[in-house]
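What follows is a short report on a single structure.
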Protein chains: 2
Amino acid sequence: MEPLAFHHHDHSHCEGDVMHRAEALAKEQGLRLTPVRKRVLEILLEAHKAMGAYDVLQRLAAEGFGNQPPVAYRALEFLVEHGLAHRIRRLNAFTACMHPGEAHSPAFLICRQCDSVAEADAAGVRAALGASADALGFTIERSNIEALGLCPACKAA
Amino acid sequence: MEPLAFHHHDHSHCEGDVMHRAEALAKEQGLRLTPVRKRVLEILLEAHKAMGAYDVLQRLAAEGFGNQPPVAYRALEFLVEHGLAHRIRRLNAFTACMHPGEAHSPAFLICRQCDSVAEADAAGVRAALGASADALGFTIERSNIEALGLCPACKAA
DNA sequence: GCGTATATGTGATAATATCACAAGTCAAGG
DNA sequence: CCTTGACTTGTGATATTATCACATATACGC
Ligand SMILES: [Zn+2]
Ligand SMILES: [Zn+2]
Ligand SMILES: [Zn+2]
Ligand SMILES: [Zn+2]
């Protein structure tokens with residue numbers, strides 16, 4: 001898992017690459033990556049940052065899709081459900097997954113200055129959390145791990 | 001840090017105990033634990049689970065306090081700000097801190113069945129998260145760590 | 001093609017959160 | 001005592017986020 005967000009990279013390439021993997025994944029798992037869903041994923045990838053459902057909706061409406069909230073929420077829900085996007089609760093927002101297919105429950109690093117969001121490796125974090133939960137007899141099914149702070153770029157400035 | 005929530009305990013005692021510590025803490029730090037703020041903390045302690053701002057507001061209104069959202073939100077914000085309560089983003093809700101004073105950035109274990117919320121020790125989790133962030137040059141200022149799953153009681157049933 | 005499950009469009013509404021401004025409280029300092 | 005300024009609360013309005021209900025359309029298995 002590479003930490004794309006905080007390093008310079010050919011973004012158009014990363015867009016295409018992730019999109020390509022997402023489509024392959026959908027085919028492989030028999031998911032229906034319909035036009036709306038695909039477009040929402042593209043929008044998230046283009047933005048390369050967390051977007052609110054209504055921001056996404058605005059883009060969709062401008063392109064001739066429905067303009068009611070459920071249109072955006074349903075597509076986003078689908079993407080999150082199938083690991084193609086993530087929900088950032090701290091921001092009431094969504095972001096494309098940069099590592100579709102690689103089973104992961106990432107941690108999110110959110111820059112309070114520039115609003116960029118990076119997926120960090122959370123294997124160690126999950127292990128520690130699991131240990132704490134075990135000690136209490138609690139069984140974890142899902143988890144949200146989000147950190148707010150300053151990204152390298154904003155720290156420099 | 002004891003995991004109160006998932007074990008039987010004399011709840012009225014725990015209420016009084018935590019409240020007592022919170023008041024001592026407020027005095028010590030020159031915080032103004034006004035009637036509304038104190039009452040909100042009591043309400044959260046009585047409930048012993050996460051409550052939405054509007055649930056709290058309803059209780060306040062019934063007791064003669066203001067009945068507009070800012071009344072609840074301001075008190076809750078104050079409590080969170082000063083470590084007397086926590087915000088559970090996954091639930092859009094708030095819960096009293098069971099360990100006021102003890103500096104901690106806890107992890108929350110949320111039962112999807114009975115909605116109980118426990119604060120788990122997150123020292124190890126924070127360390128792991130910090131390491132992941134360091135590797136990306138990201139500086140963490142705050143973090144939310146929330147896990148959804150089944151508590152011991154609901155697992156048994 | 002037909003029937004069924006799934007997906008989308010659309011209007012309405014619910015739930016959550018913030019803004020703006022007036023009025024009240026409180027603790028110094030003069 | 002009175003003024004002043006910081007903080008707190010009350011209140012109405014509004015913004016933002018999310019879901020419901022139901023009709024229509026599309027895709028898929030047969
Ligand atoms: Zn991801
Ligand atoms: Zn930044
Ligand atoms: Zn706590
Ligand atoms: Zn439970």
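In this text, all values refer to a predicted model and were calculated from it rather than measured experimentally. Note: hydrogens, waters and symmetry copies are ignored here, and every other heavy atom, side chains too, is used. Just so it is clear: chains get the letters A, B, ... in the order the sequence lines come, proteins before strands, and each one is counted from 1.
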In the 5'-to-3' direction, what one-character label does each nucleotide of nucleotides 23-30 of chain D receive under the scheme B = base within less than 4.0 Å of a protein heavy atom, S = sugar-phosphate only, - = no such atom? ----S---

The side chain to side chain donor-acceptor pair (under 3.5 Å) partners of B:R142 (sequence neighbours excluded) come to none

Contact state string [nucleotides 10-17 of chain C, B base, S sugar-phosphate only, - no protein heavy atom under 4.0 Å]: BB----BB

Which residues pass the side chain to side chain contact (heavy atoms under 4.5 Å, CB included) test with A:N92, not counting sequence neighbours? none

By side chain to side chain donor-acceptor pair (under 3.5 Å) - contacts of B:Q58 (at least two apart): none

Once ring pair (Phe, Tyr, Trp, His ring centres under 6.0 Å) is applied, do any residues pair with A:F108, and if so which ones, sequence neighbours excluded? A:H86

Applying side chain to side chain donor-acceptor pair (under 3.5 Å), name anything that partners A:R87, two or more places apart in sequence or on another chain. none

Which residues pass the side chain to side chain contact (heavy atoms under 4.5 Å, CB included) test with B:K38, not counting sequence neighbours? B:M19, B:E23, B:L33, B:E42

Test item: A:E119 side-chain N/O and A:A107 main-chain N/O as donor-acceptor pair under 3.5 Å: no

Please check the phosphate of C:dT8 (OP1 and OP2 only) for any side-chain N or O of A:T34 closer than 4.0 Å. yes

Review item, side-chain donor-acceptor pairs of residues 150-157 of chain A, under 3.5 Å, at least two apart:
residue, atom, partner, partner atom, Å
A:K155, NZ, B:G137, O, 2.8
A:K155, NZ, B:T139, OG1, 2.6

Go through the structure and list residues passing side chain to side chain contact (heavy atoms under 4.5 Å, CB included) with A:A128, not counting sequence neighbours. B:V125

Please list every donor-acceptor pair under 3.5 Å in which a side-chain atom of residues 61-80 of chain A meets a protein atom from a residue at least two apart or in another chain.
residue, atom, partner, partner atom, Å
A:E63, OE1, A:R39, NE, 2.6
A:E63, OE2, A:R39, NE, 3.4
A:E63, OE2, A:R39, NH2, 3.1

Compute the bend angle of the helix from C:dG1-D:dC30 to C:dG30-D:dC1 from the end axes (five pairs per end), rounded to 10°. 30°

